[in-house]
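Numbered from 1 within each chain, the chains take letters A, B, ... in sequence-line order.
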Amino acid sequence: MVRVIGHVDLDYFYAQVEEVQSPSIKGRPVLVCVFSGRTEDSGVVSTANYEARRLGIGSGMPIALAKKKLKGVAGAVIPMHRERYEAVSEEIMRLVGGRVDVLEQTGIDEAFFDITKSSNGDYSAARNTAAGIKAAILKSQGLTASIGLGRSKIVAKMASDFVKPDGLTVVTPDSTTDFLTPLPVIRLYGVGPKTSQALEELKIHTIGDLATSDITDLEPRFGRKVSAYLLQAAKGEDEDPVTERQETTQFSRIITLKQNTKDANAAFKELLPAIEELHQRLLSKGISFRTLSTIGILTDLSTRTKTKTFESSAESLLVRKNEILTLLQELTGAIDKELRRVGIRVSGLSDTESQTSLTQFY
DNA sequence: GTATGCTTTCGGC
DNA sequence: TTACGGCCGAAAGCATAC
């Protein structure tokens, strides 16, 4: 049976949650910001609403620059409230999950879903389901979302991106080629500015150009695997199934240092509260880890990591304090620029309880 | 060559 | 004139074992 895949994307999510929380800011530019604490305005914009975007403000923009673009306009510059967004997201995902066959959450504000069975392969029935999901999200949390339907994840994702905010775009299997063909390659999922520019140089401008291009023209530039992906994607033919997301595979904390340094001890000291927070998070979730990484972001914003995997997993980050410091020393020893930000990551996760019972069993 | 596991980097939101 | 987070998953890169 032809699949019916959906992609739901909550519109300008963090900023929209803030609008619902504080209705008086609606209609004004809203900037949800991450303040790093180094200076009053150091940090970046995480999410901007559409009024702010119209002024040229967007994600990742330094706060100081964004404020400049506000000029005299009375914008709402709000620090982000991550836990609030997580709670809203959780509620919405639960709600959507109850209306689809399979839900695959891919971020705090988006998810793929499969409704092949419940819609019986009928795209008209599927449209009603999608409209119902939008209505339910609006009723429950007061938020708009954009949904796309298509025969594959790629098509669904591009469809949800086609009309937003508050969009509902249905691309039937028959209309897939017509939908994709005229779009510029930059719109293709997985194609960023770099790949896009390389394709332009091969005179491939639209997804249609890409779909009908010769793989032997692509391979010298992109390699076999990427070329095959690009061709497949341009035809909207990916077979990637929608699967329930397994548990989180890694946890990390990263901070911006008060001042740049190459001193591992100084960085460690400033990182300690974040380490303790992550420690508490692991304990409260009953999670052990086997792999430990330190992360450094240098003054040029490039990233360096040092990682160590242990024989057995630990439930306490604090008993690995010495290893953390050692990794930080290895990291600082291998760089020529100063550290601007520093962080810690744990992976190779396992459930502490089941591990304990396994240990008892053996 | 293939499978596997670990480390590092990349890119999305 | 410049300005610059904090997460996450996955891909890429590399080594080892068979």
Side-chain angles (χ1 to χ4, degrees), chain A residues 7 9-17 31-48 57-70 79-83 85-86 89 104-112 146 157 160-161 164 186 188-196 222-226 229 240 243 245-257 260 271 274 277-278 281 289-311 327 330-331 334-335 339-349:
Chain A
H7 182 260
D9 195 338
L10 301 167
D11 299 319
Y12 61 103
F13 181 48
Y14 297 175
Q16 207 191 346
V17 171
L31 284 58
V32 175
C33 300
V34 186
F35 291 94
S36 71
R38 172 171 281 208
T39 64
E40 187 176 332
D41 274 348
S42 68
V44 297
V45 176
S46 179
T47 311
I57 296 166
S59 296
M61 178 176 285
I63 295 166
L65 176 57
K67 279 191 168 179
K68 228 180 145 178
K69 289 190 179 277
L70 279 176
M80 79 161 165
H81 301 105
R82 186 183 294 274
E83 289 182 3
Y85 315 142
E86 278 170 0
S89 168
E104 177 179 344
Q105 194 176 341
T106 55
I108 193 169
D109 66 345
E110 61 178 296
F112 287 103
S146 297
K157 170 94 179 166
S160 74
D161 198 43
K164 60 182 2 181
I186 187 81
L188 189 62
Y189 183 57
V191 173
K194 236 175 109 184
T195 306
S196 163
F222 304 104
R224 222 174 62 191
K225 221 178 145 184
V226 173
Y229 168 80
D240 191 19
T243 50
R245 203 40 73 113
Q246 301 310 311
E247 270 128 72
T248 310
T249 63
Q250 59 178 240
F251 292 99
S252 62
R253 279 297 316 265
I254 185 161
I255 61 156
T256 299
L257 295 165
N260 300 342
L271 185 60
E277 259 185 57
L278 186 55
R281 203 161 143 207
F289 64 93
R290 208 157 78 80
T291 301
L292 182 63
S293 308
T294 55
I295 305 160
I297 288 104
L298 314 188
T299 48
D300 65 355
L301 302 184
S302 64
T303 304
R304 299 288 188 280
T305 60
K306 287 295 171 190
T307 300
K308 184 173 164 78
T309 297
F310 299 95
E311 286 287 327
L327 285 169
E330 283 177 31
L331 198 154
I335 60 179
L339 287 173
R340 179 184 175 88
R341 299 158 62 197
V342 67
I344 181 162
R345 174 171 62 217
V346 294
S347 52
L349 306 180

May I ask you to evaluate whether [X] reaches the phosphate of [N], defined as a side-chain N or O under 4.0 Å from OP1 or OP2?
X	N	answer
A:Arg253	C:dG6	no
A:Arg82	C:dG6	no
A:Arg281	C:dC7	no
A:Thr256	C:dG6	yes

Closest to side chain of [X], choosing from [options]:
X	options	result
A:Val44	C:dT2, C:dG5, C:dA10	C:dG5
A:Thr249	C:dC7, C:dC4, C:dG9	C:dG9
A:Arg245	C:dG9, C:dG5, C:dC7	C:dG9

What's the [atom1]-[atom2] distance between [X] and [N], to the nearest Å?
X	N	atom1	atom2	value
A:His81	C:dG6	NE2	P	15 Å
A:Lys68	C:dC4	NZ	P	13 Å
A:Arg341	C:dC7	CZ	P	9 Å
A:Asn260	C:dA3	CG	C1'	14 Å
A:Leu271	C:dG6	CG	P	11 Å
A:Asp240	C:dA11	CG	P	9 Å
A:Ile57	C:dC4	CD1	P	16 Å
A:Phe251	C:dG6	CZ	P	19 Å

Examine distances only and state if a side-chain atom of [X] and a backbone atom of [Y] form a donor-acceptor pair shorter than 3.5 Å.
X	Y	result
A:Arg341	A:Gly296	no
A:Ser59	A:Ser46	yes
A:Ser89	A:Tyr85	no
A:Ser252	A:Ile344	no
A:Arg345	A:Ser293	no

Should [X] and [Y] count as an ion pair when the cut-off is N to O under 4.0 Å?
X	Y	answer
A:Lys164	A:Asp11	no
A:Lys157	A:Glu110	yes
A:Lys306	A:Glu330	no

Along DNA chain B (nearest heavy atom to each residue), the more 5'-positioned of A:Lys157 and A:Arg345: A:Arg345
Have a look at [X] and say if it touches a base, only the backbone sugar-phosphate, or nothing, with a 4.0 Å heavy-atom cut-off.
X	answer
A:Ser36	sugar-phosphate
A:Ile297	nothing
A:Gly60	base
A:Thr307	base
A:Asp109	sugar-phosphate
A:Lys308	sugar-phosphate

Rounded distance in Å between the C1' positions of C:dG5 and B:dG11: 15 Å
Check: A:Ser46 side chain, C:dG5 base, donor-acceptor under 3.5 Å: yes
Bounds of contact between DNA chain B and chain A, in 5' to 3' order, using a heavy-atom cut-off under 4.0 Å: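 Under 4.0 Å from chain A, the extent on DNA chain B is B:dC6 to B:dC13.
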Closest heavy-atom pair and its distance - A:Met80, A:Val32: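 It is CB-CG1, 3.3 Å.
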5' precedence on DNA chain C between A:Glu247 and A:Gly43 (nearest-nucleotide basis):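 Upstream on the strand: A:Gly43.
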